[in-house]
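This report refers to the structure that appears directly beneath it.
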Number of protein chains: 2
Amino acid sequence: MTTTVEFISKLRNSGLRPTKQRIKICEVLFNKEKTFHFTINDLVKIIENEANEKISLATVYNTVHAFEKKGYLKEIPIDSNQSYFDTNIADHHHFYDIAEKKLIDLKQTDVGPINIQKTIPGKKIKSVEVLVKLETDNQ
Amino acid sequence: MTTTVEFISKLRNSGLRPTKQRIKICEVLFNKEKTFHFTINDLVKIIENEANEKISLATVYNTVHAFEKKGYLKEIPIDSNQSYFDTNIADHHHFYDIAEKKLIDLKQTDVGPINIQKTIPGKKIKSVEVLVKLETDNQ
DNA sequence: TCAACAGTTTAGAATGGTTTTAATGTAATT
DNA sequence: AATTACATTAAAACCATTCTAAACTGTTGA
């Protein structure tokens, strides 16, 4: 449980003005028991349900991108027509249920260490992400 | 080097009528020395340059999706606003150079086996894809 | 060989997620 | 309180992708 005051200083410390909208989005995203995955559309709906407020779509996009840039959110690479975000910023991997278009977290221990042998001069590894696609098992 | 005749029978055997457009796209995609990555836009440009033909955008989309469904192409999961495809259908993974927006193939031996410990009832694993994001190494 | 059918191509319109615009509003600073 | 820089907003624009419906073409069987 994080208080509004804490969100305000977190935002200020990040160089983001603590506006009503950003605080609301913080509460929606970072005050949950568990981390979760969402699309922008999901987030808009959650805000509409949870508060009776309405935050403009553009602001939701702006805020999510700002939070991503600050490292408070991670975008999950999926070849889908919309972006998925994750409030779990720890290093971890995903199942993607193709039929249901749903993401499921994998723990580090579910996958085991991944050792990348190849290097590219002048580049360093920023992240290593495994996406396991699931389909229906008909048998 | 694959002949036109071979592409025709490959298409027929897949239940796809060997049309002029599909044969052309086969030649562009599968007659290269090396496998490569492309977007739909890339492919349209290649076709325009290589032949003086013009294939309708809708047909390019249709054909790429048909080929993907038949397993002759693979879509690569990246959190981008457009789809990337790969003519390398062997089991392999990717580097993604964030700065240059370029994909680089990793060989199986560059990554080693990945062992997924978790299972979901009624679902089976369709694919396991590793995306290694690279950033500039400033030091 | 030819007719008939089913599958394919096409240009252009529609769709839908995301970004831009430019006007209005608000937090921070003086 | 005035100023300034940053934020929010609705609506328009953007752009990759999909859809539509009419024209076209490969295939089949008589």
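Because the structure is a prediction, the values reported are computed rather than measured. Proteins come first, then strands; the chains are lettered A, B, ... in the order of their sequence lines, and each starts at number 1.
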From CD1 of B/Ile23 over to P of D/dT25, roughly how many Å is that when rounded to an integer? 14 Å

Could you tell me how far apart A/Lys54 (NZ) and D/dA11 (C1') are, to the nearest whole angstrom? 12 Å

Taking OP1 and OP2 of D/dA7, is either one under 4.0 Å from a side-chain nitrogen or oxygen of A/Arg22? yes

Could you state the atom-to-atom distance from CD of A/Glu53 to C1' of D/dA7 in whole Å? 15 Å

From NZ of A/Lys24 over to P of D/dT8, roughly how many Å is that when rounded to an integer? 15 Å

Could I get a table of every N or O pair under 3.5 Å where one atom is in the protein and the other is in nucleotides 16-19 of chain D?
{"from": "D/dT17", "atom 1": "OP1", "to": "B/Ser83", "atom 2": "N", "distance (Å)": "2.9"}
{"from": "D/dT17", "atom 1": "OP1", "to": "B/Ser83", "atom 2": "OG", "distance (Å)": "3.1"}
{"from": "D/dT17", "atom 1": "OP2", "to": "B/Tyr61", "atom 2": "OH", "distance (Å)": "2.6"}
{"from": "D/dT17", "atom 1": "O5'", "to": "B/Tyr61", "atom 2": "OH", "distance (Å)": "3.2"}

With DNA chain D as reference, determine whether A/Arg17 or B/Lys20 sits nearer its 5' end, using the nearest nucleotide of each. A/Arg17

Does a donor on one side chain sit under 3.5 Å from an acceptor on the other, for A/His92 and A/Asp110? no

Could you walk me through whether A/Ser80 and A/Tyr96 pass side chain to side chain donor-acceptor pair (under 3.5 Å), step by step? CA-CA 11 Å; A/Ser80 159; A/Tyr96 182 61; 4.7 Å; no

Tell me what B/Thr19 touches on the nucleic acid: a base, only sugar-phosphate, or nothing, going by heavy atoms under 4.0 Å. sugar-phosphate

Closer than 4.0 angstrom, basic N to acidic O: yes or no for A/Asp79 and A/Lys133? yes

Rounding to an integer number of Å, can you tell me how far B/Leu16 CG sits from D/dT25 P? 19 Å

Taking 4.0 angstrom as the limit, do A/Glu27 and A/Lys24 come out as a salt bridge? yes

Taking OP1 and OP2 of C/dA28, is either one under 4.0 Å from a side-chain nitrogen or oxygen of A/Arg12? yes

Under 3.5 Å, is there a donor-acceptor pair linking the side chains of B/Asp42 and B/Thr39? yes

Does B/Gln21 have a side-chain nitrogen or oxygen under 4.0 Å from the phosphate oxygens OP1 or OP2 of C/dT10? yes

Should the pair B/Phe30 and B/Phe67 be assigned to parallel (<30°), tilted (30 to 60°) or perpendicular (>60°) ring geometry? tilted

Find the distance B/Lys69:NZ to C/dG7:C1' and express it as a whole number of Å. 15 Å

